Amino acid sequence: MTDSPAISVLDREGLDALVKTLTTEGRTVVGPTVRDGAVVLSELASADQLPFGWGTRVEAGHYRLIPREDGAAFAHTSGPQSWKTFLHPQREKLWSADRGADGQLSLTAEQPEQPSYAFLGVRPCDLRAIAIQDRVLTGGHYQDSGYRERRSGAFLIAAECTEPGATCFCVSMGGGPAADNGFDLALTEVVDEAGHRFLVRVGSEAGAEVLSHVPRCQADVETQTAARRAVDAARDRMGRAMPPVSLRTLMGQSLEADRWDDVADRCLTCGNCTMVCPTCFCTTTEEVTDLTGDHAERWQRWDSCFDLDFSYLHGGPVRSSPRSRYRQWLTHKLSTWYDQFDSSGCVGCGRCVTWCPVGIDITEEASALHDELEARLRLQEQAEQQERTEKVQ
Amino acid sequence: MNDVPLPYRVTQVRDETADTVSLALTPAGPTSLAPFAPGQFAMVYAFGVGEIPVSVSRIDRRELVHTVRSVGAVSAALCALRPGAHVGLRGPFGTGWELDRATGQDMLVVAGGIGLAPLRPLVFDALAAPRAYGRMNLLIGARTPHDVLYSQQVHAWTAAHGPLHCGVTVDRPAPGRLGHVGVVTTLLNGARFEPRNTTAFICGPEVMIRATARDLLQRGLPAHRIRVSLERNMRCATGHCGHCQLGGVLMCRDGPVIGWDRAESLLSVREL
Amino acid sequence: MTSATTMPFALAAEHRERLMRIAREVSFGAGTRLFEEGRRADRFWIVRTGTVALDLHVPGRRAPVIESLGQGELVGWSWHFPPYVWQLGAEAMTTVRAYEFDAVAVRAMCADDPGFGRAIAVWVGRVLAHRLHAARTRLLDLYGPYGGDGRP
């Protein structure tokens, strides 16, 4: 490690130099940029492509870009994509099979050289989402080798959150706008009278090494204070919150709730929530053959538990009603994920709320389920109380 | 090796019933999959068509037997294979029956239809060490007498007065064939077991599993000693595709064999 | 048939003993007809060993077996309901040892003692409910292709 203090400050040129350094190292730099009326994640040639001067206004089923006077680059909320697009891509070839003249099969693993990614501007919620997918895809007995390769080579530059959106609720999911760990470098954007700059913290040796090639100054107290204050303020400005109860228990006790019928009346079962969710990992497979009939390929692609075919069992789908499919998504995300992978599957990024075409709000549904459960338990208690009273009499 | 299937050669094809065949498979090359335990399954790949989970129905050193019923595109392709053809195999996957759990106890094996396939290697293992267990019972339910899998073997078991009590019952009798007619639970009255000291292993259609497990609970078997094998859609078998969930259970990883103490509440929720 | 519907479990000791007092031990060789469809239902049996097949006469084919009954199970319930006529036929599939009961006498006992009568009615009702459930389950053809959802 060269002369890298743990905390330093980059200006816009410094950010440019950071991107150049990563590119020179042979990395594919991916970060937010404005395209098609949204902040999307895309390969960046330079830091100029970051969404300087763009913010977002979100609500349930609503997303708009809004210009910002301050020129901030990381003052937008989550867009329609997440980093899983790159780590756990929508389509991936798994293996190919060739049939010889004598009917013999040869099966070959697909082992392409994986890109060496640098993700610039990973939100703390998305850092946690990546950690969750790490556990799902590489933390068990079997590992997804493609994901493992891409993930182990990825360089993560977090951008702490200073502008939470109206659909954000990471604090109530046990997270927050600050990046605590799981990054190589962490940026906190500060724009004030003293200028536009980025406080940068080092989270790994690789981070320190990269930073050593980037012109920067030592962090001054004012910048550190302003950064801390902005992140702290963000913590109190979450647009939404989950009910403050054990969601795991709530979902487990709500499998037969009436609320599922209510949400099923609104849900289009389009699967948007599963596509935009940064932790949803489900996939299906496709068999592709060529015209000779002697070459076949096995492809994996994203799948959604809202798809009827998802639960197909010789004869028909196990989950044929929209009610059961929405319930599967929500209970898996908030409850059975613990059974399977020792954590919640939700980080509170709010994407599923923003990008639901009919504006179904996961926090509202959880609250409604909570209210229903409370009411049911109250009735039960009253009934028991009455029984006891009658016995005494 | 669980990323890419290993090529296996079909060495024998046996027609079990009108729509079910048993494929005997040996490794086509020098490497073979790790040993399978009864109740575990492999992902069997039919070239150009796809992959499905199939339990092992016989484990004989390097040779594996899979019994496949033709119900979909992949299973139909597998059923059409002839000796010499190749398939791809990944595995072994999932929990097994864990025969050890029955050590020192009476054993009740209840099979419905194709459900006999994953139970057969369990019965073979138990018969190989009969002294380790108390009384052994194999109760088989089938659609008609023509639909009983491994009919020669089953006939030998029912006729013999060995350590295994074997009963067969059918939903619909065939003309001129004697035998029990009725649901498989009717055979429980004739089985020899002490409910409080019995381990049961059940596989078949879910309705049959539920009916059998409930009957056994009523007779006094503890729920955790009732082991059932369940089925869900499956793509990867490695816990990553999300298809085989039943509540918190990932069937490929935590199943297919689970205790009734866990299965009962899961199967009681519709469309879970 | 679960243990709950076999007679020793389904009846309280007091009623069981009263019923057993009029039981006759009988045995049938394989192939013996116990009763025929349409005839007067004046007896019933509880199987001790062996198997009894219930069948239904169909012109032009051998009578198909509807269900087989084994150890502990009640053979015959038509004696309990007017007009006391057998709905099915019954034949010993194997050598059968059974307890045989005079239905007229049991009906008289039921009429004399409503408590005993109710116990017998509940027992017969449970047997019927269970057989109905089993028959419905078999109608589903669960072992058929696609779990018996009716497709060819």
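We name chains A, B, ... by the order of the sequence lines, and we start the count at 1 in each one. All figures in this text were calculated on a predicted structure; none of them were measured in a lab.
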- Among residues 204-211 of chain B, residues within the sub-4.5 Å heavy-atom range of chain C, in order of number, are B:Pro205, B:Val207, B:Met208
- Query: Passes side-chain hydrogen bond (donor to acceptor under 3.5 Å, both in side chains), B:Asp147 versus B:Thr144? Steps please.
  - Reply: CA-CA 5 Å; B:Asp147 292 307; B:Thr144 74; 2.9 Å; yes
- Task: Assign the ring pair C:Trp45 / C:Phe28 to parallel, tilted or perpendicular, where the plane angle (0 to 90°) is split at 30° and 60°.
- Result: perpendicular
- Query: By a 4.5 Å heavy-atom criterion (distance strictly below it), what part of C:Ile66 contacts chain B: side chain, backbone, both, or neither?
  - Reply: backbone
- Can you find a heavy atom in the side chain of B:Leu119 that is under 4.5 Å from one in the side chain of B:Val110? no
- Task: Consider only side-chain N and O atoms of B:Ser268 and B:Ser265, and report whether a donor and an acceptor are under 3.5 Å apart.
- Result: no
- Query: Judged by atom type as modelled, is there a donor-acceptor pair below 3.5 Å linking the side chain of C:Thr137 to the main-chain atoms of C:His133?
  - Reply: yes
- Task: Apply ring-ring contact (aromatic ring centres under 6.0 Å, His included) to B:His243 and list each qualifying residue two or more places apart in sequence or on a separate chain.
- Result: A:Phe310
